[in-house]
Chemist: 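After the structure tokens below, expect a handful of questions from me.
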Amino acid sequence: APASAAKTAIMPHTTSVPVKGHTNPQSIEDMAGAWKDFQFAPIRESQVSRAMTRRYFADLDKYAESDIVIIGAGSCGLSTAYCLAKARPDLKIAIIEAGVAPGGGAWLGGQLFSAMIMRKPADAFLRELGVEFEDDGPDANFVIVKHAALFTSTVLSKVLQFPNVKLFNATAVEDLITRTDGKGGIRVAGVVTNWTLVTMHHDDQSCMDPNTINAPLIVSTTGHDGPFGAFSVKRLVSMQAIPSLGGMRGLDMNTAEDAIVKGTREICPGLIVGGMELSEVDGANRMGPTFGAMALSGVKAAEEALKVFEQ
Ligand code: AHZ
């Protein structure tokens, strides 16, 4: 679809219907100095409940059959979502994020420092997003975003404005839906989900069965091994779809970033893996606090996904 379609599609609504019998100031300038008589438009609590739940359950219904599910909304997952949603406004894209706050490890640059480093040529992705950066001159092979949070909030905000994207946060992928391919192998055909708080309490509550989303293509970007991380690839091993994991290796920025971007691919029919989850499959190094590979792995994951849809 033409890029212009995506641009029109992310136009937000900026006006609301006036409330009868209310002063209806339309701008914060209209409110200035008028606080003595200020009051919000009246509400009944059930209206709030219904406005939220009706939409959420409509989305659960709509996205029960998705075109693409992205597991994990870290820097790689969000970059993937941005490229996919922009290129194909016709595809229904569900993002499942275990945390309440999407963004994964990309709210800080490294340790507890604010700035985020991206090695060139990942500055192209920052230009695409319109995120400002500093460049230390011709000898610097990287650019610096003043706040990692600026990168993450910008990509997140752009992703969430696409009408063909739904983020289900506080929701964990607990398993993969698989089909046999008739040749002794499997194809990934969807995800099994649960509220993260439920996922965390399977051990101390009685059986709490999950929910499902069918999709012909899953992009897994759950990060390196951890309580939730590397989820899909660990599950591929336990169901014997791949023999073993290489295991993430020690830190080497030069080796790691190229390997992650170049290696981003469909590792099992129906499942593309990107970002640091891939290091667990391929036995790749970690890069530590440089995020260019996460952005460009997202760009490549989207390209791989589009190839599948264009087949
Ligand atoms: O909550 C996780 C995080 O937001 C989410 N996630 C993990 N398992 C999930 C599951 N269901 C739903 N089963 C799940 N969500 O996935 C997100 C992963 O984000 P991340 O920032 O950890 O991974 P990334 O690959 O996008 O970025 C990695 C950033 C790193 S790690 C690293 C190093 O260790 O050296 N260096 C960089 C740049």
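Order of appearance sets the numbers: ligands from 1, and atoms from 1 within every ligand. Count residues from 1 along the sequence.
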Chemist: Would you check if there is a donor-acceptor pair between the side chains of Gln161 and Ser157 at a distance under 3.5 Å?
Modeler: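 Present: a donor and an acceptor within the cut-off.
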Chemist: Does a side chain donor of either Arg235 or Ser232 reach within less than 3.5 Å of an acceptor in the other side chain?
Modeler: no
Chemist: Please tabulate, line by line, the atom pairs linking an N/O of ligand 1 to a protein N/O at a distance below 3.5 Å, with the distance in Å to 0.1, or answer 'none'.
Modeler:
residue: ligand 1; atom: 1 (O); partner: Glu97; partner atom: OE2; Å: 2.6
residue: ligand 1; atom: 4 (O); partner: Glu97; partner atom: OE1; Å: 2.7
residue: ligand 1; atom: 4 (O); partner: Glu97; partner atom: OE2; Å: 3.0
residue: ligand 1; atom: 8 (N); partner: Phe228; partner atom: O; Å: 3.1
residue: ligand 1; atom: 11 (N); partner: Val173; partner atom: N; Å: 2.9
residue: ligand 1; atom: 13 (N); partner: Val173; partner atom: O; Å: 3.0
residue: ligand 1; atom: 15 (N); partner: Ala98; partner atom: N; Å: 3.0
residue: ligand 1; atom: 21 (O); partner: Gly105; partner atom: N; Å: 2.8
residue: ligand 1; atom: 25 (O); partner: Met276; partner atom: N; Å: 2.9
residue: ligand 1; atom: 26 (O); partner: Ser75; partner atom: N; Å: 3.3
residue: ligand 1; atom: 26 (O); partner: Cys76; partner atom: N; Å: 3.0
residue: ligand 1; atom: 34 (O); partner: His224; partner atom: NE2; Å: 3.0
residue: ligand 1; atom: 34 (O); partner: Arg286; partner atom: NE; Å: 3.1
residue: ligand 1; atom: 34 (O); partner: Arg286; partner atom: NH2; Å: 2.7
residue: ligand 1; atom: 35 (O); partner: Arg286; partner atom: NE; Å: 2.9
residue: ligand 1; atom: 35 (O); partner: Gly288; partner atom: N; Å: 2.8
residue: ligand 1; atom: 36 (N); partner: Gly288; partner atom: O; Å: 2.9

Chemist: Side-chain donor-acceptor pair under 3.5 Å between Glu257 and Thr290, yes or no?
Modeler: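 Glu257 vs Thr290: donor-acceptor pair found between side chains.
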Chemist: Who passes side chain to side chain contact (heavy atoms under 4.5 Å, CB included) against Glu303, sequence neighbours left out?
Modeler: none
Chemist: I need the Arg88 CZ to Ile68 CD1 distance, nearest 0.5 Å.
Modeler: 8.0 Å
Chemist: I'd like to know whether Thr171 forms a side chain to side chain donor-acceptor pair (under 3.5 Å) with Thr193, so could you lay out the CA-CA distance, the side-chain angles of the two residues, the decisive distance to 0.1 Å, and finally the verdict.
Modeler: CA-CA 7 Å; Thr171 305; Thr193 63; over 6 Å; no
